[in-house]
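Positions are given from 1 along the sequence. FYI, side chains are in, hydrogens and waters are out, and symmetry mates aren't considered; it's all heavy atoms of this structure.
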Amino acid sequence: MSRPARLLAIGFAVFAFLAISALLARALTGTGTERAKVIAVVRAEARGDAGAVLARLPLCRAEPACVATVRRRVAGLRRPGDVKILTYSPSVNVALTRQEGTGRVAWRAGDGLPVVQCVRVRREGPLTGGGVTLVSVGPPLPGERGC
């Protein structure tokens, strides 16, 4: 193999490695972004701030029935004290394309009892834009029931 051909092959291999690394890094950060958005919703619920919850649920804001449900649910979830996340299971571990899934969050505010909720999430992978959209947050689940 000639020197120019070898350099071209090495250059292509380096480019491919960097491109794949960038895509994977972007895909892996989606889980952290999802968790941060869910924590923001849970904190708003604990404050009893339905407006802040709806601000983080753009698809729900467009549906009057969903807005009414969120307002009613948030009124019942108001809790004093600092919010602590007990567990969080993401909707999708790694999304390379658009995927929708259900995450599960268990949280507690102050000395209150734990609250377990399911969160419907739409994740865009690095091949489709890389965004995270919270679709809906379910009602509190009894006990340690799964989603």
Side-chain angles (χ1 to χ4, degrees), residues 8-147:
L8 183 62
I10 290 171
F12 178 75
V14 169
F15 174 77
F17 174 78
L18 292 175
I20 291 170
S21 296
L23 287 173
L24 284 175
R26 192 164 180 189
L28 293 172
T29 60
T31 300
T33 302
E34 176 182 327
R35 186 177 196 279
K37 288 186 176 206
V38 170
I39 290 171
V41 166
V42 164
R43 286 186 175 142
E45 285 179 328
R47 288 192 314 270
D49 188 350
V53 172
L54 289 167
R56 290 169 174 81
L57 299 172
L59 301 174
C60 180
R61 281 194 317 259
E63 302 285 333
C66 186
V67 171
T69 300
V70 167
R71 289 189 188 285
R72 191 171 44 256
R73 189 174 295 145
V74 168
L77 285 172
R78 185 181 185 121
R79 307 271 195 282
D82 292 332
V83 172
K84 293 176 184 63
I85 302 299
L86 305 174
T87 62
Y88 183 69
S89 301
S91 63
V92 178
N93 285 323
V94 177
L96 295 178
T97 60
R98 177 180 290 167
Q99 291 186 338
E100 200 165 302
T102 303
R104 182 177 180 275
V105 62
W107 58 278
R108 171 189 313 211
D111 294 329
L113 293 173
V115 177
V116 179
Q117 292 177 282
C118 298
V119 183
R120 193 79 182 149
V121 180
R122 180 176 298 150
R123 294 258 304 264
E124 301 286 341
L127 301 175
T128 55
V132 175
T133 303
L134 299 184
V135 176
S136 65
V137 179
L141 299 172
E144 294 191 25
R145 197 168 138 209
C147 293

Partner residues of Ala46 under the side chain to side chain contact (heavy atoms under 4.5 Å, CB included) criterion, sequence neighbours left out: Val83, Trp107, Ala109
Looking at CZ of Arg79 and CD of Glu45, how far apart are the two atoms once the value is rounded to the nearest 0.5 Å? 9.5 Å
Short side-chain to backbone donor-acceptor contact, Arg73 and Val137, under 3.5 Å: yes
Table please: side-chain donor-acceptor pairs of residues 85-92 below 3.5 Å, with sequence neighbours left out.
residue: Tyr88; atom: OH; partner: Glu34; partner atom: OE2; Å: 2.5
residue: Ser91; atom: OG; partner: Glu34; partner atom: OE1; Å: 2.9
residue: Ser91; atom: OG; partner: Glu34; partner atom: OE2; Å: 3.2

Holding to side chain to side chain contact (heavy atoms under 4.5 Å, CB included), I want the full list of residues that pass it with Cys66, two or more places apart in sequence or in another chain. Cys60, Glu63, Val70
After noting the C-alpha distance and the side-chain angles of Arg104 and Thr102, does the key distance pass the side-chain contact (heavy atoms from CB on, under 4.5 Å) rule? CA-CA 7 Å; Arg104 182 177 180 275; Thr102 303; over 6 Å; no
Does atom CZ of Arg61 have more than 12 heavy-atom neighbours from other groups under 6.0 Å away? yes
Test side chain to side chain contact (heavy atoms under 4.5 Å, CB included) applied to Glu100 - qualifying residues, sequence neighbours left out: Arg120, Arg122, Val135
The reported gap from CZ in Arg56 to CG in Asp49 (rounded to nearest 0.5 angstrom) is 8.0 Å
Throw together a table of side-chain donor-acceptor distances under 3.5 angstrom for residues 35-44, partners on residues two or more places apart or in other chains.
residue: Lys37; atom: NZ; partner: Val132; partner atom: O; Å: 2.7

Euclidean distance, Lys84 NZ relative to Arg108 CZ, rounded to 0.5 Å: 8.5 Å
Quick one: list whatever passes side chain to side chain contact (heavy atoms under 4.5 Å, CB included) with Arg71, sequence neighbours left out. Ala50, Leu54, Val67
What one should report as the nearest heavy-atom pair of Pro58 and Leu134 is CD-O, 3.9 Å
What are the two closest heavy atoms between Ala52 and Arg47, and how far apart are they? CB-NH2, 3.7 Å
